[in-house]
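Numbered from 1 within each chain, the chains take letters A, B, ... in sequence-line order.
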2 protein chains.
Amino acid sequence: MAGFVSHFTNRLDAKGRVSIPASFRAVLARDGFEGLYCISSSHCQAVDAGGNELLAEIEKRSEAFAKLSPDHDALAVALFGASENPKIDGDGRMTISDMIRDHTGITDQVTFVGMKYKFQIWEPEKFREYRAEAQKRALAMLSGASPASSQGEPA
Amino acid sequence: MAGFVSHFTNRLDAKGRVSIPASFRAVLARDGFEGLYCISSSHCQAVDAGGNELLAEIEKRSEAFAKLSPDHDALAVALFGASENPKIDGDGRMTISDMIRDHTGITDQVTFVGMKYKFQIWEPEKFREYRAEAQKRALAMLSGASPASSQGEPA
DNA sequence: CGGGTTCTTATGGGATATCATGGGAAATCA
DNA sequence: TGATTTCCCATGATATCCCATAAGAACCCG
């Protein structure tokens, strides 16, 4: 399996539940994390979600600061205060919390976007907008900035 | 086997399945990737497909940016959000997803085009047009480098 | 060299499993 | 005790598995 890839849009039911895409569940199962790790993105209206691989990435960030230092404490509050650990029920569904609702603007549909080591949870329309923007940025990043490497890119 | 070479056009069946050319399957088997890795091309109406070798190429591009940064997120959405990991069934067929259909315009036939380390998935007519254009460009590029004499016809 | 025979491959279709989704009932909580 | 959450089962749609077949290629062997 190649991490979280592709994107899917699923309906929210009357109880606030939504199916996590089966292929994402398969990745999570292999990762071994209990439930799902979620954290609000600091720079867009989405929630990052994943398992141990995502958590490790987050922890790596706070390790840059010495524990007990004011900086570390502030970062820890910001990171873990914005986190949740929702359960996944027997049918592969999670419930969308108020925190996720508020941060994303989700009402009745949810878009899951694979990003390899994590995936994001979006309100579908907001995702479409972000995606268009991201594609432009990606194009610019890939064509312009090539700091180290020697040769150009394949046709 | 020397990578993906030559091109083939196969029919799509009523269930949306299409046979992957046997020679391509042989390359994939040797590559060892589970299923097939597909990503929409950002500059033409085709889908890039392959195994670990292609995936490595894609991953290399996002490694230049720190994870969790806005840049990395944008790139990951553009790359992995536009990717898929279709299965290959016991008879060597894959199903053409809606994403591939939308991006390529495929309806009832699929052209597979070998490109050494990857192959592309095209709607046959669109491929013919692209190919004609590509040959012109290739000719122009080659004429600058060496005393180009005769051009053979590819089979 | 030739003629048959076996393999491979692309394609079709029926049967089965998986998935997203809905809803009832039991459990939990305040 | 009333409201919410968790567990369990139902269902339609889709995807997957498995087998069948025909055409062609490769192969074998006299």
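- Taking the six-membered ring for Trp and the full ring otherwise, A:F24 and A:F4 have centroids separated by under 6.0 Å.
- Closest-nucleotide positions on DNA chain D for B:D91 and B:T95 were compared, and the one nearer the 5' end corresponds to B:T95.
- Distance B:D13 CG to D:dT14 P: 15 Å, rounded to the nearest Å.
- Rounding to whole angstrom units, CG of residue B:D98 and P of D:dA13 are separated by 16 Å.
- The existence of a salt bridge linking A:K15 and A:D13 is excluded, since no basic side-chain nitrogen approaches an acidic carboxylate oxygen closer than 4.0 Å.
- In this structure, B:K87 reaches the D:dT16 phosphate: one of its side-chain N or O atoms is under 4.0 Å from OP1 or OP2.
- Between the CG atom of A:N10 and the P atom of C:dC19 there is a distance of 12 Å, rounded to whole Å.
- Contacts of A:D89 with the nucleic acid, taken as non-hydrogen atoms under 4.0 Å apart, are absent.
- Using a 4.0 Å cut-off, some side-chain N or O of B:R25 falls inside it from OP1 or OP2 of C:dA10.
- With rounding to whole Å, B:F8 atom CZ is found 13 Å from D:dA25 atom P.
- We find that A:K118 and B:D73 are joined by a salt bridge, their nearest charged nitrogen and carboxylate oxygen being less than 4.0 Å apart.
- B:S41 and B:Q120 share no side-chain donor-acceptor pair at under 3.5 Å.
- Atom P of nucleotide D:dT21 and atom CZ of B:R11 are separated by 19 Å, given to the nearest angstrom.
- In the interface, the side chain of A:K15 is paired with the base of D:dT6 through a donor and an acceptor atom under 3.5 Å apart.
- Donor-acceptor pairing under 3.5 Å, judged by distance alone, is present between the side chain of A:R93 and the base of C:dG22.
- The distance between atom CG of B:L28 and atom P of C:dT9, rounded to the nearest whole Å, is 14 Å.
- With rounding to whole Å, B:R17 atom CZ is found 11 Å from C:dA10 atom C1'.
- Distance from the side chain of B:A22 is smallest for C:dT9 among the nucleotides C:dG13, C:dT11, C:dT9.
- Within the nucleic acid shown, A:I88 has no heavy atom closer than 4.0 Å to any nucleic acid atom.
- No salt bridge links A:E63 with A:K60; every basic N to acidic carboxylate O contact stays at or beyond 4.0 Å.
- One interatomic measurement links the two molecules: CD of B:Q109 to P of C:dA10, which rounds to 14 Å at whole-angstrom precision.
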